[in-house]
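Everything numeric in this text was worked out from a predicted model, so none of it was measured.
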Amino acid sequence: MKAAPAAQKRLLDLAELDSALDRLAHRRRTLPELAQIDDLSARVARIATQVIAAETESGDLAREQTKAEADVDSVRIRAERDQKRLDSGQVSSPKDLASLQSEIASLTRRQGDLEDVVLEIMERREAADSQAAKLVAERDELAGTRGVAEDRRDAAFAEIDKEKEEVQSKRAEVEKDIPADLLALYGKLREQFGVGAAMLQGGRCLGCRTSLSIAEINRIKAASHDEVIRCEECRRILVRTAESGL
């Protein structure tokens, strides 16, 4: 392949711009905010699951408390009814009187036991509500911190994308100075090696950092100025300049 020396030198400008694009892409992929956001999102999700568990426990305890309070009311009503019978003097038989008094005492004990159960459930429910509130506050705080990180990420993305647009605009101008066949070869090599062209400086390929042999240097010296030279080691396009040492 042949191309004007000026066009070949423009490959170095293109390679420099492509390297700038690669750096911008790497910077976009490795923003510290991305890792921070991922970590915060995982923590928010984990705490959200804990919130659901705490709220579910509180709901279960609320239903359990309602049932226990209903049991207390039922026993209390029975005890009050028996106490009225006892106080009314309607029970005259000593045996029936003793049985009624025993039942009232039993109901009183039962009511006390049930009230203790209600109290225990209330304490457990209060603890569950407190835990849920604590977790909600922690979740919301983390979500707020994540929002700040997302704002920083978006600002960084906007800055990077603006720089990328500027570099791409410059790249498009450089491409105009390069023949289509040479540009296609450069593009193919860039896909393969990341860098499609490199300067030959002081007898050394700056693409793979390999010093060329004397025989190779002599071959390049003998080549016409418009011949497209390839590095024998890395196969990138070698661009000759005043610094090539030829």
Side-chain angles (χ1 to χ4, degrees), residues 1-42 149-246:
M1 181 183 295
K2 293 184 181 295
Q8 294 189 45
K9 289 178 182 178
R10 289 298 266 167
L11 289 177
L12 297 178
D13 297 329
L14 195 63
E16 184 177 349
L17 292 170
D18 283 338
S19 293
L21 289 174
D22 289 342
R23 289 193 296 272
L24 288 171
H26 179 266
R27 179 179 161 198
R28 204 180 199 279
R29 290 193 306 270
T30 59
L31 282 174
E33 286 79 9
L34 296 178
Q36 183 184 13
I37 290 168
D38 286 345
D39 176 64
L40 289 169
S41 294
E150 288 172 340
D151 289 341
R152 292 200 308 270
R153 175 204 61 192
D154 292 343
F157 276 175
E159 179 184 347
I160 292 170
D161 291 345
K162 181 181 178 182
E163 289 184 43
K164 178 182 177 181
E165 185 176 344
E166 292 172 354
V167 173
Q168 286 176 328
S169 178
K170 293 178 182 178
R171 190 184 192 282
E173 290 300 315
V174 172
E175 283 186 335
K176 295 177 182 178
D177 299 331
I178 303 172
D181 55 351
L182 181 59
L183 189 61
L185 175 60
Y186 169 87
K188 180 180 179 181
L189 295 173
R190 172 167 163 73
E191 288 181 4
Q192 291 178 335
F193 307 115
V195 178
M199 181 190 295
L200 175 60
Q201 184 182 62
R204 183 184 181 198
C205 171
L206 295 188
C208 61
R209 304 292 174 177
T210 299
S211 294
L212 276 60
S213 66
I214 297 299
E216 182 63 14
I217 292 176
N218 289 334
R219 184 185 71 80
I220 295 173
K221 284 180 179 180
S224 62
H225 292 299
D226 61 352
E227 184 175 344
V228 176
I229 302 298
R230 303 275 295 277
C231 175
E232 288 293 323
E233 185 67 27
C234 67
R235 303 304 298 159
R236 293 180 177 93
I237 298 170
L238 271 180
V239 179
R240 290 167 284 177
T241 70
E243 302 176 37
S244 295
L246 298 176

When rounded to the nearest 0.5 angstrom, what distance separates [atom1] in [X] from [atom2] in [Y]?
X	Y	atom1	atom2	value
I160	L21	CD1	CG	12.0 Å
E33	F157	CD	CZ	9.0 Å
L185	R235	CG	CZ	9.5 Å
L183	K176	CG	NZ	13.0 Å
E233	S213	CD	OG	10.5 Å
C208	E232	SG	CD	10.5 Å

Side-chain contact test, heavy atoms from C-beta onward, threshold under 4.5 Å: evaluate it for [X] versus [Y] and give yes or no.
X	Y	value
V239	L200	no
S224	K2	yes
S19	R23	yes
E243	M199	yes
C234	T210	no
Q201	L238	no

For [Y], does its backbone N or O pair with a side-chain atom of [X] as donor and acceptor, under 3.5 Å?
X	Y	answer
R236	C231	no
S211	R204	no
S169	E165	no
N218	I214	yes

Give me the atom names and distance for the closest heavy-atom approach of [X] to [Y].
X	Y	value
R29	L34	O-CD1, 3.3 Å
A3	P179	CB-CG, 4.5 Å
A7	I178	O-CG1, 4.0 Å

For this session: For Y186 and D18, test the side chains for any donor-to-acceptor distance below 3.5 angstrom and give the result as yes or no.
Result: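 Yes, because at least one side-chain N or O of Y186 sits under 3.5 Å from a partner of the opposite role on D18.
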Exercise. How about Q36 and R153: does a side-chain donor come under 3.5 Å of a side-chain acceptor?
Worked result: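 No, because no side-chain N or O of Q36 sits under 3.5 Å from a partner of the opposite role on R153.
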For this session: Tell me, with the steps shown, if K9 and T241 meet side chain to side chain donor-acceptor pair (under 3.5 Å).
Result: CA-CA 8 Å; K9 289 178 182 178; T241 70; over 6 Å; no
I'd like to know if [X] and [Y] make a salt bridge, using a cut-off of under 4.0 Å between side-chain N and carboxylate O.
X	Y	answer
K164	D161	no
D22	R190	yes
R171	E175	yes
K162	E159	no
E216	R219	yes

Problem set entry | Within 6.0 angstrom of K188 NZ, more than 12 heavy atoms from elsewhere |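 Counting other residues, nucleotides and ligands, NZ of K188 stays at 12 neighbours or fewer.
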For this session: State whether the number of non-hydrogen atoms from other residues, nucleotides or ligands found under 6.0 Å of K170 atom NZ is greater than 12.
Result: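 12 or below, so no.
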Exercise. Among D226, I237, V228, I229, which one satisfies side-chain contact (heavy atoms from CB on, under 4.5 Å) with M1?
Worked result: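 When side-chain contact (heavy atoms from CB on, under 4.5 Å) is applied between M1 and each of D226, I237, V228, I229, only V228 qualifies.
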For this session: Apply the test salt bridge (Lys or Arg N to Asp or Glu O under 4.0 Å) to residues R28 and E163: give CA-CA distance (whole Å), side-chain angles for both, the deciding distance (0.1 Å), then the verdict.
Result: CA-CA 11 Å; R28 204 180 199 279; E163 289 184 43; over 6 Å; no
